[in-house]
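Take a look at the structure below.
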Amino acid sequence: IDLLEVVSILGCNEPSACNYDETANVDNGSCTYPEAGYNCDGIPLEFVYHQSQLQAFYTFYSVTINHVDVDSSDWVGVFKDNVCVGALKWDTSLCNSGVCSVVASGDENSEGTTGYLIPGDIPSFKIFDASDNKYYDAVVTGNWTDQNGNSINGNWNNGGLIFADNLQNMILGCTDVNACNYNDIA
């Protein structure tokens, strides 16, 4: 009679866990899972994207929600239609002189970048407020400029360096100061 020796390999054997070990055959209770609303890398789920080798960089001197600077745990995402093409946790202490740039990836004609930006596209933006777990559509205030300060329209081009004064959440409301429903932050 031949006896087969079974070797126990301890680890996380739950495929949905962040630390899944496909070689583990005995669950040792070590499985970890992402925080609700985030992936295992700590990225908000709507801001997950595949980085392309075709890139432009959008720099904002400030990012605000309701005219208040975002916190270091908040995120900025770049989109083409509903496809996220770039994202950055907006921790200005980690950026160049407190000014951050978010990458905007282009379509490389590869599976991971289908639907990404192509020359001439103008991306849209979202802000993720981590403290409220809420996404905001965002708009640029001020002018788009290139690295020399020349006015441009914000079009994506590979290798582009695009600057804007502020990115803020859209605040809908009446902007007519004479109206009874005037909203001074709209």
Side-chain angles (χ1 to χ4, degrees), residues 16 18 20 34-66 69-172:
S16 65
C18 293
Y20 171 63
E35 183 180 340
Y38 293 85
N39 71 5
C40 289
D41 294 323
I43 300 171
L45 293 177
E46 285 189 29
F47 286 5
V48 175
Y49 72 101
H50 298 280
Q51 190 161 330
S52 164
Q53 291 183 19
L54 304 177
Q55 303 173 346
F57 296 87
Y58 286 81
T59 300
F60 300 103
Y61 294 103
S62 66
V63 175
T64 59
I65 297 173
N66 297 332
D69 288 338
V70 296
D71 294 329
S72 60
S73 59
D74 296 336
W75 288 73
V76 170
V78 186
F79 289 80
K80 178 177 178 183
D81 301 322
N82 291 323
V83 177
C84 185
V85 298
L88 181 71
K89 189 174 188 180
W90 213 257
D91 184 349
T92 58
S93 71
L94 302 176
C95 299
N96 185 23
S97 300
V99 178
C100 297
S101 299
V102 61
V103 67
S105 294
D107 190 329
E108 298 177 315
N109 293 320
S110 66
E111 184 178 328
T113 64
T114 301
Y116 279 25
L117 295 163
I118 59 173
D121 284 344
I122 296 178
S124 60
F125 299 89
K126 289 186 180 185
I127 301 169
F128 176 70
D129 183 344
S131 63
D132 290 336
N133 199 29
K134 186 173 182 180
Y135 294 88
Y136 294 95
D137 290 328
V139 293
V140 172
T141 57
N143 295 322
W144 289 111
T145 60
D146 64 16
Q147 66 269 22
N148 299 317
N150 300 314
S151 288
I152 58 174
N153 62 7
N155 285 359
W156 184 92
N157 284 298
N158 187 36
L161 302 174
I162 300 105
F163 299 82
D165 293 332
N166 182 258
L167 182 71
Q168 69 179 29
N169 63 307
M170 285 188 207
I171 304 171
L172 301 177

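Residue numbers run from 1 in the order of the sequence given.
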For the [atom1] atom of [X] and the [atom2] atom of [Y], what is their distance to the nearest 0.5 Å?
X	Y	atom1	atom2	answer
Asp69	Thr64	CG	OG1	7.0 Å
Ile162	Gln147	CD1	CD	9.0 Å
Asp71	Ile65	CG	CD1	8.0 Å
Ser101	Leu88	OG	CG	8.5 Å
Asn143	Asn153	CG	CG	11.5 Å
Leu117	Ser52	CG	OG	9.5 Å

Can you check whether [X] reaches [Y] side chain to side chain, under 4.5 Å on heavy atoms?
X	Y	value
Val102	Trp90	yes
Asn158	Pro119	no
Phe60	Val140	yes

Disulfide (SG to SG under 2.5 Å) contacts touching residues 91-155 (sequence neighbours left out): Cys95-Cys100
Show your working on side-chain contact (heavy atoms from CB on, under 4.5 Å) between Trp75 and Ile43 and close with a plain yes or no. CA-CA 9 Å; Trp75 288 73; Ile43 300 171; 3.8 Å; yes
I'd like to know if the side chain of [X] and the backbone of [Y] have a donor-acceptor N/O pair within less than 3.5 Å.
X	Y	value
Trp156	Ala104	yes
Ser97	Val99	no
Asn166	Ser62	yes
Gln53	Glu108	no
Ser105	Val85	yes

For the pair Phe128 and Tyr135, name the ring-plane relationship: parallel under 30°, tilted 30 to 60°, perpendicular over 60°. tilted
Any pair counted as salt bridge (charged side-chain N to carboxylate O under 4.0 Å, His left out), so long as it reaches residues 79-107, sequence neighbours left out: Lys80-Asp121
Enumerate the salt bridge (charged side-chain N to carboxylate O under 4.0 Å, His left out) contacts for residues 137-160, please, sequence neighbours excluded, ordered by first and then second residue. none
Identified ring pair (Phe, Tyr, Trp, His ring centres under 6.0 Å) partner of Phe79 from the options Tyr116, Tyr58, Phe47: Phe47
Search all heavy atoms of [X] against all heavy atoms of [Y] and return the closest pair with its distance.
X	Y	result
Ala130	Ser73	CB-O, 3.3 Å
Asp165	Gly142	OD2-CA, 3.8 Å
Ala87	Cys84	CB-SG, 4.5 Å
Met170	Val139	CG-CG1, 3.4 Å
Phe125	Leu167	CB-CD1, 3.8 Å
Asn169	Ile127	N-CD1, 3.8 Å

Asn96 atom CG, neighbour heavy-atom count above 12 within 6.0 Å: no
Got more than 12 heavy atoms from elsewhere within 6.0 Å of CG, Asn82? no
